[in-house]
Amino acid sequence: MAISRIVKDTFYFTYIRRCLYIIIMLSHVSTLNIISRGISTSAASNQIIKLARLRVVDNSDIGKQAMMEGKPPRCIHIYNKVGVGYIGDKVLVAIKGEKKKGILVGLKQKQKTRVPKFDSNNVVLIDDSGTPLGTRIQVPIPHILRTILKEKTHSKGVDYTKLLAIASRFV
């Protein structure tokens with residue numbers, strides 16, 4: 001009788017120990033889940049995709065107002081076949097409840113050789129004919145942008161030389 005009682009006690013002890021182990025493990029998982037809700041484990045996306053925040057670097061009125069209010073424009077379309085914006089690409093941005101077009105002049109993402117990497121995603125706002133909305137670009141723009149925009153300028157189409165003319169500094 002003593003042996004059967006020892007076996008029962010051992011069984012109950014093992015059962016209780018397993019239950020406690022499961023409860024402890026579940027509490028750690030739920031605690032970890034609650035703690036990690038504010039932490040993103042995915043890599044930061046420095047690419048220009050839809051809904052990416054941009055920084056207006058020209059002195060256009062709408063750009064200055066949006067940046068002063070702390071509501072930077074967001075990219076809503078990229079005019080290329082890849083769907084990811086690169087330097088010199090034309091984008092459609094939503095700024096202060098309006099749709100405006102812009103040219104990407106500086107990016108955070110890793111660039112090709114001889115193209116500088118910037119701390120923010122910079123855009124210069126333009127109208128439909130390619131004329132910049134501002135009169136001055138306030139940050140240095142990459143020198144490679146000259147060749148990229150000259151390739152995209154067509155004789156009957158958009159003329160990007162005005163954008164290069166208002167730039168005061170090149171990197």
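When reading the values below, keep in mind they use all heavy atoms of this one structure, side chains included, and skip hydrogens, waters and symmetry mates.
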Between CD1 on residue Ile141 and CZ on residue Arg169, distance to nearest 0.5 Å: 10.5 Å
Could you measure the distance from the CG atom of Leu133 to the CD1 atom of Ile62? Nearest 0.5 Å is fine. 8.0 Å
Would a 4.5 Å heavy-atom cut-off, applied to side chains only, mark Val56 and Val123 as touching? yes
Between atom CG of Leu107 and atom CZ of Phe118, what is the distance when rounded to the nearest 0.5 Å? 8.5 Å
Is Val124 close to Leu163 at the side-chain level, that is, under 4.5 Å between some pair of heavy atoms? yes
State, yes or no, whether a side-chain contact exists between Ile103 and Asp89 at a heavy-atom distance under 4.5 Å. no
So, do Lys101 and Ile126 sit near enough that their side-chain heavy atoms are less than 4.5 Å apart? yes
Note, Tyr86 side chain near Leu104 side chain (heavy atom, < 4.5 Å): no
Establish whether Ile87 and Val171 are linked, either directly or via other cluster members, by ILVMFWY side-chain heavy-atom contacts under 4.5 Å. no
Option passing side-chain contact (heavy atoms from CB on, under 4.5 Å) with Ile166 (candidates Thr135, Ile137, Asn59): Ile137
How long is the span from the CG atom in Asn80 to the CD1 atom in Ile48, to the nearest 0.5 Å? 11.5 Å
Would Val105 end up clustered with Leu92 when hydrophobic side chains under 4.5 Å apart are linked, directly or stepwise? no
Which atom pairs, donor and acceptor, lie under 3.5 Å between side-chain atoms of residues 65-77 and protein residues at least two apart or in another chain?
from, atom 1, to, atom 2, distance (Å)
Glu69, OE1, Lys96, NZ, 3.3
Glu69, OE2, Lys96, NZ, 3.0
Arg74, NH1, Leu51, O, 2.8

At what distance, to the nearest 0.5 angstrom, does CG of Leu125 lie from CD1 of Ile95? 5.0 Å
For Gly134 against Asp58, the heavy-atom pair lying closest together: N-OD2, 3.7 Å
Backbone N or O of Lys108 within a donor-acceptor pair of the Asp119 side chain at under 3.5 Å? no
Gap between atom CZ of Arg55 and atom CD of Gln138 - 0.5 Å precision: 8.5 Å
